[in-house]
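The analysis underlying the following values was restricted to heavy atoms, covering all of them including side chains, and did not include hydrogens, waters or symmetry mates.
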Amino acid sequence: MNLTAYIKDAADGWFDLRTLELPELQATAPRVEDIREVVREAAAKLTGRPASEFDVEVSY
């Protein structure tokens with residue numbers, strides 16, 4: 001499943017993340033480099049599917 005992640009807020013050194021395809025997904029990442037993995041893991045928890053099934057594109 002393809003997910004488009006975007007940064008909702010960036011405060012206190014953390015990125016608050018959401019996705020277009022799963023609006024109920026909420027995640028935070030400490031660094032830009034971590035966004036894809038953090039979103040994959042959050043999507044896996046939310047859906048019960050393996051994290052490997054998610055491809056994440058970050059929209060800035």
- So if you build clusters from Ile, Leu, Val, Met, Phe, Trp, Tyr with side-chain heavy-atom gaps below 4.5 Å, do Tyr60 and Leu25 land together? yes

- Message: How long is the straight-line distance from OH of Tyr6 back to CD of Glu57, given to the nearest 0.5 Å?
- Response: 14.5 Å

- Item | Joint cluster assignment, Met1 & Val39, ILVMFWY side-chain distance < 4.5 Å | yes

- Message: Before you tell me yes or no, could you show the steps for Arg36 and Asp34 under salt bridge (Lys or Arg N to Asp or Glu O under 4.0 Å), namely the whole-Å CA-CA distance, both residues' side-chain angles and the distance that decides it to 0.1 Å?
- Response: CA-CA 6 Å; Arg36 286 181 176 85; Asp34 298 328; over 6 Å; no

- What distance do Lys8 atom NZ and Thr28 atom OG1 have between them, rounded to the nearest 0.5 Å? 12.5 Å

- For Ala51 and Arg40, the nearest pair of non-hydrogen atoms, with its separation, is O-CD, 3.6 Å

- Task: Would you check if Leu3 and Asp55 make a side-chain contact, meaning some heavy-atom pair closer than 4.5 Å?
- Result: no

- Does Leu20 share a hydrophobic cluster with Leu22, counting links as ILVMFWY side-chain heavy atoms below 4.5 Å and allowing steps through other members? no

- Query: Under a 4.5 Å cut-off applied to non-hydrogen side-chain atoms, are Thr19 and Thr4 in contact?
  - Reply: no

- Query: Is the closest side-chain heavy-atom distance between Phe54 and Thr47 below 4.5 Å?
  - Reply: yes

- Task: Compare every heavy atom of Ala29 with every heavy atom of Trp14, then report the nearest pair and how far apart it is.
- Result: CE3-C, 3.4 Å

- Heavy atoms only: give me the nearest Gln26-Ala42 pair and the separation to one decimal. O-CB, 4.3 Å

- Note on the structure: For Pro50 and Ala44 the tightest heavy-atom approach is C-CB, 4.2 Å

- Can you tell if the side chain of Asp16 reaches within under 4.5 Å of the side chain of Ile7, non-hydrogen atoms only? no

- Message: Against Phe15, only a single residue in Val32, Asp9, Val58 fulfils side chain to side chain contact (heavy atoms under 4.5 Å, CB included); can you say which?
- Response: Val32

